[in-house]
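Reviewing the structure listed below.
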Amino acid sequence: MKVPLQSQEVSDALAQGAPVVALESTIITHGLPRPWNLQLALELEEIIREEGAVPATIAVLAGVPTVGLDSHQIEFAATGTGLRKLGFRDLPVAMALQISGGTTISATAYLAASAGIRVFATGGLGGVHRGWVQAQDESADLDMLGRTCITVVCAGVKSILDVPATLERLETKSVTVTAYRSDTFPGFLLHSSGKAVDWRIDSPEQVAAIMRGQDALADRTGALIVGNPVPEDQQLDPELHNRVLANACEAAEAENVTGQAVTPYLLGHLIKETGDAAVETNLAAVRANARLAAQIAVAFAAGA
Ligand code: PSU
Ligand code: MN
């Protein structure tokens, strides 16, 4: 794509080589209930600024892919009616029909990279769903990350998914997977997924150095995933998590929920059935990811 529409602040920062962090918006439009969604979206921008980087929340507004929403536009994304969930493949339709929507990781990674942004913070990655053999439900996030050179700070793969299968698919797609200050890959709402990770990283500077290594291989590299675990004292109680999730999966099947609706349905069910504990953990995870992403962007800009 030729460069998408950018706010003045984002385009100035990029022109100066200053640190910028991209943020997705499906978490605002579909991932979190109101009013948490708006509070979080604004808070993430503040956290990124505190660390010395410029936030760039990305969404499609009346058909225009926009990088760097202002606070009114963020409010519209959080409170407007009829906003769609837009993966990469939905972008041309939204543009043609002048639709507004939240961009998923696949669409956000593409738009961020097109704008020249190198670091991106989110909650949990999409991936291979449980029951994949039958439904073949695999998030487009994975394919896009296989062909986009961007650093994604996340709390792991959404625990509603088949985490081991998703990690295998990331290997197939040559996506570099690391864990931050941990020997296991994080488990989204849980501190650990229980799966060992090949690469443990201990500082933002190390991540920045890996990004420079990617630049040396630029014609072929995909994404760099930095799995940032929620602290153990903020994780969802694993027993509660597993029990509620099993119910959610059964309910989704009984109600015949398919396609794009699956992820918001399962996350919504988790939130409803855990008395908001899942929301608190989700918020804690995304806040910590925004902070670490900003530190990484600052370290990368400093060494460039
Ligand atoms: N992380 C969260 N909450 C979310 C998502 C991620 O903590 O709602 C969103 C992301 O936008 C991700 C999308 O790209 O869910 C994946 O949806 P699907 O499985 O339909 O590809
Ligand atoms: Mn899907």
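Hydrogens, waters and symmetry mates are skipped; everything else that's a heavy atom, side chains included, is used. If you're wondering where the values come from, they're calculated on a predicted model, not measured in any experiment. All ligand and atom numbering here is 1-based and tracks the order in the structure.
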Exercise. Do any N or O atoms from the side chain of E51 and from the backbone of A53 form a donor-acceptor pair under 3.5 angstrom?
Worked result: no

Exercise. Okay, side chain of S106, backbone of G87: is any donor-acceptor separation there less than 3.5 Å?
Worked result: no

Exercise. Name of the D137 N, O or S atom nearest the Mn ion (ligand 2)?
Worked result: OD1

Please list, in number order, the atoms of ligand 1 under 4.0 Å from a heavy atom of [X].
| X | value |
| --- | --- |
| D141 | 12 (C), 14 (O), 16 (C) |
| L267 | 3 (N), 4 (C), 8 (O) |
| F188 | 7 (O) |

Looking only at protein heavy atoms, which one is nearest to [atom], and how far off is it?
| atom | value |
| --- | --- |
| atom 21 (O) of ligand 1 | S139 OG, 2.7 Å |
| atom 8 (O) of ligand 1 | G31 CA, 3.3 Å |
| atom 7 (O) of ligand 1 | N282 OD1, 3.2 Å |
| atom 19 (O) of ligand 1 | T263 OG1, 2.7 Å |

Seminar exercise, completed: Heavy-atom nearest pair, V230 first then A285, reads CG1-CB, 3.3 Å

Seminar exercise, completed: Nearest heavy-atom approach of C154 to I225 is SG-CG2, 3.8 Å

Exercise. If you measure from atom 6 (C) of ligand 1 to every heavy atom of A109, G124, G123, which option wins on shortest distance?
Worked result: G124

Problem set entry | Winner among E24, E138, K85, K158 once heavy atoms are compared against atom 20 (O) of ligand 1 | K85

Exercise. Any N or O on H30 sitting closer than 3.5 Å to an N or O of ligand 1?
Worked result: no

Exercise. So is G259 polar-close to ligand 1, meaning N/O to N/O under 3.5 Å?
Worked result: no

Exercise. Would M211 end up clustered with I150 when hydrophobic side chains under 4.5 Å apart are linked, directly or stepwise?
Worked result: no

Exercise. Are any of the side-chain nitrogens in R118 or D215 under 4.0 Å away from the carboxylate oxygens of its partner?
Worked result: yes

Exercise. So, Q16 and D12: side-chain donor and acceptor under 3.5 Å apart, yes or no?
Worked result: no

Seminar exercise, completed: To the nearest 0.5 Å, atom CG of L40 lies from atom CD1 of I28 at 7.5 Å

